[in-house]
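The next block holds one structure in the form of structure tokens; read it before the comments.
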Amino acid sequence: MIAEIPMEHGLLIAAVLFCLGLLGLLVRRNLIIMLISVEIMLNAAGLAFIVAGAHWGQPDGQVMFIFILTMAAAEVAVGLAVILQFYWKHHSLDADLASTMKG
Amino acid sequence: MYDLVWLLPALPFAGFLVLTLGGPRISRGACAWIACSTVGISTAIMLAFAVGFLIHPPAEHAHTLTLWRWIPLEAVGIPFSLRLDTLSQAMASVITGVGFLIHLYSTEYMKMDPDYNRFFAYLNLFVGFMLLLVLADNFVLLLVGWEGVGLCSYLLIGFWYRDPANGRAARKAFVVTRIGDAALLIGIFLIFAELGTLHIPEVLALAPERWELGSGVALAAALLILGGAVGKSAQLPLQTWLPDAMAGPTPVSALIHAATMVTAGVYLIARTHGLFELAPPAMQTVAVIGSVTLFTAACAALVQRDIKRVLAYSTISQIGYMFLALGVGAWAGALFHFMTHAWFKALLFLAAGAVINALHHEQDLFRMGGLRKKLPLVFWTFLIGAACLAALPLVTSGFYSKEKLLWDVWISPYGGPWFWAVAMAGAFVTALYSARLVALVFFGPARTQVSARPGGRVGFVLVILAIWSLIGGGIELPHTFAHVTVFSDFVAMTIPTLVELPPGLDAQLWTLLAVASVIVVAGATLGAWLYGAGAPAREALAARTGAVHRFLMNGWEFDRLYDTILVRPYVRLAEWNRADGVDKAVFLITGLTRAAHVAIQRTQHGQLRRYAAGVATGAVIILLIMLFQ
């Protein structure tokens, strides 16, 4: 029997993961890396659900994680398609190039 | 039979619709046929009605036809109803009769005009509205006709709209009459508020019960109605639009600005006579306005150079006579003069139109002359018209109507010798300028070559009008001549007369007739001498009266007066107030919106990562708020 991991630890890991993902999203300009960062943030949220579900002994946390997984898969599919289009247009993956719609 | 009265205005309206909707698809011949036949059929119906009324008048001497409920209100419904009585018949017979002749004349006069169809459409619309005005039996319907004829007047004065001066004249006519219309509208509101009805016979029946003789309300109502009448009939102080209205085509001047529309004020006062009888000061005002107008306008007519402006001032002056008669309660006298005036003034305008056409659109009197031999028909008909205008004794209808009017002024309790004297002075000047007109246009050396002769239709219309102007006076004679009072009996069926004839004044009447005749003949002779053979006398007169001449030429400088005290201060006020306070408040709102727009616009920079940072910052702020709440 593995000793119970305290909930605070799990949530701390989730928060650190989320902040790393957000940092990656904000500082990197490569669209692929940004997409990966978004995935990290989503997984951080999923981890928080799992931790909470384990703490309360409820299956809801795992159900929510499956939902998030599904949504992340769809998001990656759409995101990669958009990135492909973007690459064909600009021959680059620099996100800052996509700023022609400024007011 | 009288139920057919709705056809009277409906036919010209139908003609207007066909001509407007058909537009240029309708050929000129068809257009002339449509325009003339609609008014012609109306004339025939009107004649049948008039004969019917004379032979066998209906109960209460009036027939009311309610077509439909027009404005259904809880308290007082306003029906769309027409009232045929002897007053509206006297007006409507002139409108249709003269209207028809002028339509006929226009088919030839306007034949070179590119906007032939538009002209006849407007003319038909005018006849329809004018008939609606005189047949209406409540004030609302009357106002519809009243504003309708104002609109047609505007459209037809500015008919040749490519010249900006014509547009200005049209706007001036519209705005100046609008001042009077506003007064009339307020008067109608007042009557409605006080009496609770707008049905004219009911108003006339209720007013003496609710209002005392000489009460303030009656005076206010009468004066407000008078305001409307003064504007429409171009009396002092709202007379300035009529001379400029001569910018329109000559048949329009004849129909609208001489025979019918400008006499709508006379009709309105006669129609609401009961209100004026309750307010003697208002009656006095009408008489004073009339007498001042008739004299001032006659003097202005004396010096004009433009043949149509002479006739315009003379119209103002003759309507002044009608107002004087109304002011002394001589309803029949005013309407009789209206009737003869409509015939002979239409004749004068149409003959003047023929002269203008014959001389390449020359309107300056001093460039005419010597047309007696070249245009004999026009000469003789114009001479008849001018004789009627001058009221030459015995042979002209103008004499009989003016003498009846003057006699009524003399004996009426509201009138008196002073009004009579002013009217007589006006008659002298009228004879003078009538003779001047004839002498300058038809005698002396020819100054412009005749380029066109009037055709058959123009000649026919002139002859018919001339015959009427000569014999039309026979329906009403001074009682010392013969006992013929067809017209005043006819009018008295609707409006009971105020002027009772005291017996035993035959000698006085003979004297007045003789004095008037001598004055008129003297005026005409003087005019003929001054402007006919005695051209040097005219030059001497003009030289000696230079300043006075200019003053009269500009119509007693009323335009300059109004320009100084009304138009220019208003324009200056408008310019000064260009950036006014209300605008500033409005502009503040737009300015703030604009500034906010610029500020917020900065945040839309298109940088994806900074958007993400914004979202993250927002989320952090919301979380912090939730945490520390």
Side-chain angles (χ1 to χ4, degrees), chain A residues 8 11-12 14-49 52 68 71-72 75-76 78-90 92-103, chain B residues 161-162 164 167-168 171 175 567-629:
Chain A
E8 287 78 13
L11 285 180
L12 197 66
V16 169
L17 268 179
F18 188 87
C19 288
L20 282 175
L22 183 63
L23 199 67
L25 183 72
L26 294 183
V27 300
R28 297 299 295 262
R29 291 194 296 176
N30 190 318
L31 275 171
I32 302 274
I33 303 293
M34 285 170 80
L35 195 61
I36 291 170
S37 302
V38 170
E39 289 301 314
I40 292 172
M41 287 161 73
L42 279 172
N43 280 307
L47 183 60
F49 275 115
I68 290 176
M71 192 215 56
E75 183 241 317
V76 167
V78 174
L80 283 177
V82 170
I83 288 172
L84 208 56
Q85 289 292 330
F86 184 88
Y87 184 76
W88 282 346
K89 197 168 164 57
H90 293 284
S92 160
L93 286 175
D94 188 349
D96 286 359
L97 286 177
S99 63
T100 51
M101 280 181 71
K102 56 175 168 257
Chain B
Y161 56 88
R162 286 184 185 86
R168 265 198 301 281
R171 280 198 299 281
V175 171
V567 178
R568 255 182 278 156
Y570 181 78
V571 170
R572 213 172 301 145
L573 192 70
E575 276 167 6
W576 170 77
N577 198 26
R578 197 174 202 113
D580 65 345
V582 178
D583 268 4
K584 282 224 174 82
V586 174
F587 288 148
L588 188 69
I589 295 174
T590 59
L592 280 177
T593 314
R594 213 175 274 270
H597 161 72
V598 170
I600 297 174
Q601 197 187 33
R602 297 247 171 79
T603 63
Q604 194 182 359
H605 36 61
Q607 300 276 348
L608 185 62
R609 295 177 307 133
R610 280 163 71 182
Y611 290 153
V615 172
T617 316
V620 168
I621 289 171
I622 290 172
L623 281 175
L624 284 176
I625 289 172
M626 286 167 71
L627 209 60
F628 292 108
Q629 216 171 21

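Note that these values count all heavy atoms, side chains included, but never hydrogens, waters or copies made by symmetry. Each chain gets a letter, A, B and so on, in the order its sequence line appears, and its residues count up from 1.
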Identify the residues of residues 26-34 of chain A whose heavy atoms come closer than 4.5 Å to a heavy atom of chain B, ordered by number, or report 'none'.
-> L26(A), V27(A), R28(A), R29(A), M34(A)
Tell me, side chain or backbone of L25(A) under 4.5 Å from chain B's heavy atoms, or both, or neither?
-> both
Pairing residues for V16(A) by the side chain to side chain contact (heavy atoms under 4.5 Å, CB included) criterion, not counting sequence neighbours = L20(A)
Where along residues 613-629 of chain B does a heavy atom come under 4.5 Å of chain A, listed by residue number?
-> A613(B), A616(B)
Taking salt bridge (Lys or Arg N to Asp or Glu O under 4.0 Å) as the test, write out the residues that go with R609(B), two or more places apart.
-> D96(A)
